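As structure tokens, the structure follows; a few thoughts come after it.
Note that the structure is predicted; figures quoted are calculated from it, not measured. In what follows, every chain begins at residue 1, and chains take the letters A, B, ... in the order their sequences are listed.
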Amino acid sequence: MSDPSGIERALESKKGPADADDLSALRERIRHSASHIMADAVRAMFPEAQFAIGPPTEDGFYYDFQLPRALTEEDLSVIAEKMIETIASDLPFERRQVDSKTARRIFEDQPFKLEIIDNIADENLGIYTHGDFSDLCNGPHVDSTGQVKAFKLLSLAGAYWRGDENRPMLQRIYGTAFESKKALDEYLTRLEEAAKRDHRKLGKELGLFTIHNEIGAGLICWQPKGGRIRSIVEDFWREEHLKRNYSLVYSPHIGKSKLWETSGHLEFYKENMYSAIDLDDQEYYLKPMNCPFHILMYKSSLRSYRELPMRLAELGTVYRYERTGVLHGLLRVRGFTQDDAHIFCRPDQLEEEVRGVLELTFSLLGAFGFKDYKIYLADRPEKHVGEPSEWTRATDALRNTLEEMKLDYQLDVGGGAFYGPKIDVKIEDAIGRDWQCTTIQFDFNLPQRFDITYIGDDGQQHRPFMVHRAILGSIERFMGILIEHYGGAFPVWLAPVQAVIIPITDRHLDYARAAVVEMRSAGLRVEVDDRSERMNQKIRQAQLEKVPYMLIVGDKEVAGGSVSVRLRSGEDLGPIPVTSVIEMIREKVETKA
RNA sequence: GCCCGCGUAGCUCAGUGGUAGAGCAGCGGUUUUGUAAACCGCAGGUCAUGGGUUCGAAUCCCUUCGCGGGCUCCA
């Protein structure tokens, strides 16, 4: 990992896969070094500070400390000042190897470091020193502090030592560092861009959804505009499922405790379930999952191998208790709707079913402009149910399907659920962030627990294979992702209002109203802005609402039977006959452009 | 749940111990306008909640609820 020419070489290097690796390796060293420089600055402020860990991360770095008092935002500027001094001194980073005994002596008053040393099997430990600050660290680092060309301390947070909530809560400082001021600024600009797209902000501004204290945390109300978008997404989802021979079903929101005992949820999932509702000496639970209902629907009659595969799909609303600290807008809620389906099939049908789910996944997600996928195949974890031979068979079926479809995937060793292997799909949004939505999970457990069977062509009872799958994941969460992906500027097929007709004066109102009737009867979502405002104000309003088409009507348009089309990009297409505008918009809707 | 921060009008925010403010939105007028904000006026708040300190609390302390950044977990 030594790169003597350091920054200069990486900076001069041209774009390319190998150089991209160079750059990310360089950034890792810079960030790791920045984290040491920061720890040094914290030590200057608090000589009694205890140091935990300070690694580089994908976008920056952090360091965890135990300090005599809580840090404040002002402290960050003081720490940053001190860091600037250290960087200006351009102190060399020096590495030495010591044995663990020596390391223990060096860090004798640093309990977290001692614990780390205890957990390293290697007798040779790396220590990096700059100035008079030394840290246990395997590196690599830049050659000297001056090579941290640009950094910024970003935020304060609490973090448990080793991520364990039974261990001490430490104070974490997050920061980032880059090889140049320019790269740092670009990163900060990206953060600002992401903040502008925040679905919580856009949801409020665009009137999409609200969350009410009076109703409860993590519970979503879809306002008319957001409801419109959601219903379009759901209608599309249903159509695509019907095309692929899914059966659409509905199941209730509560079920008796016996059901959840059979399914195992009360044993293994209780901490995520709402407490029981007592009715007529029976306990009912709000459903955290849809599977038991679909299984009972399967079980409602004797099944023949000829009926398989049976694909039961439902936009099923489930409720899960989530700790208050993890709730986050639409992305993490307590009541949400899974685009769930359970596929019951014969063993020989498994690969084809998995293929079908993957094809449906790409088709559904592709319609929303998600074209880049990361696929993970997760196999048997240590704690599992089912025979290893079954696991192998199911995992092979998943793998074979991925390979036959020539899909790139990564193996997530031991990452499967206890009840079966799975395929997860991550999508990349418009600003390069990854989101996991799709999961395809094989299940050995529930078919056994509910003892479901089918009669094979041999006249004998057999256990069907069962696959859970959700493609969008949760509708609420997916809507949140869509809002951020599109930055609130929904494509025409999803836009709650596709066009606003803007009459220039009141004498153009009748014409505008006639046009809106015509466009609505063509199936378009159009409104007239009939307020007593200037055209400029109406345009501004429509722009802020991110309406795709602004249709201006004045004397010229009335005379010509047209509307002047302004796009939300600001582009002015000039006067176009109303019938042509209808065609233009419908074409966009049909192609989901 | 835990650590830190925050909660003032529908929204965005000012106000840090001495009578609650602005802009936008809303409502009423005037205005009838050619591609991102016309003008005038009116109304709107138990300063999240409950308690405490004080002659006096939006302001200081505690409780509860909620929100934000994280930890952990997941869709």
Name the residue closer to the 5' end of RNA chain B, choosing between A/Asn536 and A/Gln171 according to the nucleotide with the nearest heavy atom. A/Gln171
Are A/Arg167 and A/Tyr160 in a cation-pi setup, meaning NZ or CZ lies under 6.0 angstrom from the ring centre and within 45 degrees of the ring axis? no
Flag for A/Asp64-A/Trp161: side-chain donor and acceptor within less than 3.5 Å: no
Ignoring hydrogens and angles, are the base of B/C2 and the side chain of A/Arg323 linked by a donor-acceptor pair under 3.5 Å? no
Closer to the 5' end of RNA chain B via nearest nucleotide, is it A/Arg566 or A/Gly473? A/Arg566
Does any nucleotide pair with B/U12 by Watson-Crick or G-U wobble geometry, both distances under 3.5 Å, and what is it? B/A22
Ignoring hydrogens and geometry beyond distance, is the side chain of A/Arg540 in donor-acceptor contact with the base of B/A37 at under 3.5 Å? yes
Nucleotide nearest A/Arg507 when distance is taken to its side chain, options B/A75, B/U33, B/G1: B/U33
Relative to each other, are the rings of A/Phe268 and A/Phe418 parallel, tilted or perpendicular (30° and 60° limits)? tilted
If pairing means Watson-Crick or G-U wobble with both distances under 3.5 Å, then the partner of B/G1 is B/C71
Which nucleotide, B/G1, B/A75, B/U30, lies nearest any side-chain atom of A/Ser532? B/U30
With heavy atoms under 4.0 Å as the rule, sort A/Thr72 into base, sugar-phosphate or nothing. nothing
Determine: side-chain N/O of A/Thr324 to OP1/OP2 of B/G1, distance under 4.0 Å, yes or no. yes
Once you apply the 3.5 Å cut-off to both distances, tell me the Watson-Crick or G-U wobble partner of B/U32, or none. none
According to a strict under-4.0 Å criterion, is A/His328 in side-chain N/O contact with OP1 or OP2 of B/G69? yes
By the 4.0 Å heavy-atom rule, please label A/Tyr62 as base, sugar-phosphate, or nothing. nothing
Salt bridge check, A/Arg230 against A/Glu234: does any charged N sit closer than 4.0 Å to a carboxylate O? yes
Classify the nucleic acid contact of A/Arg172 as base, sugar-phosphate or nothing, counting any heavy atom under 4.0 Å across all strands shown. sugar-phosphate
Which one, B/U33, B/G1, B/A25, comes nearest to the side chain of A/Gln537? B/A25
Please name the nucleotide paired to B/C27 by Watson-Crick or G-U wobble geometry with both distances under 3.5 Å, or report none. B/G41
May I ask you to establish whether A/Lys422 and A/Phe442 are in a cation-pi arrangement, using a distance under 6.0 Å from NZ or CZ to the six-membered ring centre and at most 45° from the ring axis? no
For a quick check, tell me whether the side chain of A/Glu214 and the base of B/G66 share a donor-acceptor pair closer than 3.5 Å. no
For the residue pair A/Tyr373 and A/Phe362, categorise the inter-ring angle as parallel (less than 30°), tilted (30 to 60°) or perpendicular (more than 60°). tilted
Using a cut-off of 4.0 Å on non-hydrogen atoms, how would the nucleic acid contact of A/Ala159 be classed: base, sugar-phosphate, or nothing? sugar-phosphate
Is A/Phe336 stacked on the base of B/A75, meaning ring centres closer than 5.5 Å and planes within 30 degrees of each other? yes
Could you check which nucleotide pairs with B/G50 in any of the strands shown, counting Watson-Crick or G-U wobble with both distances under 3.5 Å? B/C62
Touch class at under 4.0 angstrom, heavy-atom based, for A/Ala70 against every strand present: sugar-phosphate
On the side chain of A/Gln541, is there an atom forming a donor-acceptor pair with the base of B/A25 - under 3.5 Å, no angle test? no
Identified side-chain contact (heavy atoms from CB on, under 4.5 Å) partner of A/His199 from the options A/Leu206, A/Leu331, A/Leu208: A/Leu331
Face-on cation placement of A/Arg320 at A/Tyr274 ring, 6.0 Å and 45° thresholds: no
Reading nucleotides 7-16 of chain B from the 5' end, what letters show protein touch, with B for base, S for backbone sugar-phosphate only, - for no heavy atom under 4.0 Å? ----SS----
So, does the side chain of A/Tyr321 form a donor-acceptor pair with the base of B/G1 at under 3.5 Å? no
